[in-house]
Amino acid sequence: MVKAYAQEHVYKHPWERVTAASWRKYVEPENRRSLSHILEVDTLNRRLDPVSGKLYTTRGLTVHAPGPWFLHKIVGQDICQCVESTVVDAKAQSMELTTRNISLQKFIEVEEKVRYDPHSDNPTEWTVCRQETSIRIKPLSALASMAEKIEQRCAETFMQNSAKGREVMERICKYLEADSPMMAPPL
Amino acid sequence: MGLHKKTSSASSTSPCADLRSAYHNCFNRWYSEKFVKGRWDKEECVSEWEKYRACLSEHLDDKHRPFLESEGVVQADTGNPIDDAYK
């Protein structure tokens with residue numbers, strides 16, 4: 001009983017800008033209204049490997065859990081704690097984020113993997129984002145009999161939130177572009 | 001009831017909100033201006049990070065800490081090896 005889906009999106013912005021936008025997505029107050037399901041984001045750990053140019057970051061996300069009221073009633077709460085682990089390889093130009101829930105695990109397991117890579121058709125100007133999400137209701141939980149419905153419902157909410165996330169990313173990329181010193185005419 | 005829970009949890013680390021924005025602002029600047037441009041030899045924002053981290057350790061106690069520790073995300077008292085190296 002695993003529901004999995006994949007999405008792909010091309011940003012017409014360079015990898016450096018798109019990954020910078022990804023870091024800003026949840027922490028900037030002006031995005032709070034669009035991404036209201038994200039209640040809190042804290043950086044819990046960070047490590048830079050100064051030789052290889054790899055940056056490892058762990059963040060804790062408090063998320064408003066998707067689902068109808070009866071689901072919240074069964075589970076006993078409507079918020080969920082998630083951990084997001086990110087590896088950015090500046091040399092190879094890749095960013096990979098893995099997010100999974102660490103609360104409500106006896107009911108449900110959600111794992112989301114997102115990768116940002118330079119687009120093969122236009123590596124210096126475009127970035128491709130590939131996202132994979134899997135949702136699994138635990139077979140022996142109180143939710144098992146409704147698993148299929150809940151997984152479907154969750155998947156729909158995730159899709160809506162991903163769309164909102166992309167809009168926010170596009171907006172941040174635009175203002176980073178306006179701010180970018182690379183856009184200034186050469187002296 | 002549900003709403004009450006949500007409110008209390010959402011504000012659980014907010015005593016650190018100012019230190020958090022100070023760190024994230026510094027990090028975002030470093031990421032865009034240095035890290036992605038090949039200047040990754042030195043970690044920056046160290047003092048911002050230490051203040052923020054100290055605040056988090058203090059306020060994570062109640063609810064977050066047990067599950068974060070169980071996941072090995074937050075270690076009881078080991079510092080960040082990279083930060084320590086740059087002290």
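Letters A, B, ... are given to chains in the order of the sequence lines, protein chains preceding strands, and every chain is numbered from 1. Since this is a predicted model, take the numbers as computed values, not measurements.
Judged purely by atom type and a 3.5 angstrom limit, B:Tyr23 has no side-chain atom pairing as donor or acceptor with the backbone of A:Thr43.
In plain terms, the two heavy atoms of A:Glu16 and B:Tyr31 that are nearest each other are O-CE2, 4.3 Å. The minimum heavy-atom distance linking A:Trp23 with B:Asn28 is given by the pair CB-OD1, 3.5 Å. Between A:Leu48 and B:Lys42, the closest heavy-atom pair is CD2-C, 3.8 Å. Considering all non-hydrogen atoms of both residues, A:Val51 and B:Trp40 come closest at O-NE1, 3.8 Å. Residues B:Glu43 and A:Arg47 approach most closely at OE2-C, 4.4 Å, considering heavy atoms. Of all non-hydrogen atoms in B:Tyr52 and A:Val41, the two that sit nearest each other are OH-O, 4.3 Å.
The closest side-chain heavy-atom distance from A:Asn45 to B:Arg53 is below 4.5 Å.
The distance from atom OG of B:Ser32 to atom CZ of A:Arg24, rounded to the nearest 0.5 Å, is 5.0 Å.
The side chain to side chain contact (heavy atoms under 4.5 Å, CB included) check on A:Cys129 picks up A:Tyr11, A:Val114, A:Tyr116, with sequence neighbours excluded. With sequence neighbours left out, A:Ser34 forms a side chain to side chain contact (heavy atoms under 4.5 Å, CB included) with A:Val168, A:Arg171.
Both the backbone and the side chain of A:Val88 come within contact range of chain B, judged by heavy atoms closer than 4.5 Å. Of the atoms belonging to A:Thr19, heavy atoms from both backbone and side chain fall under 4.5 Å from chain B.
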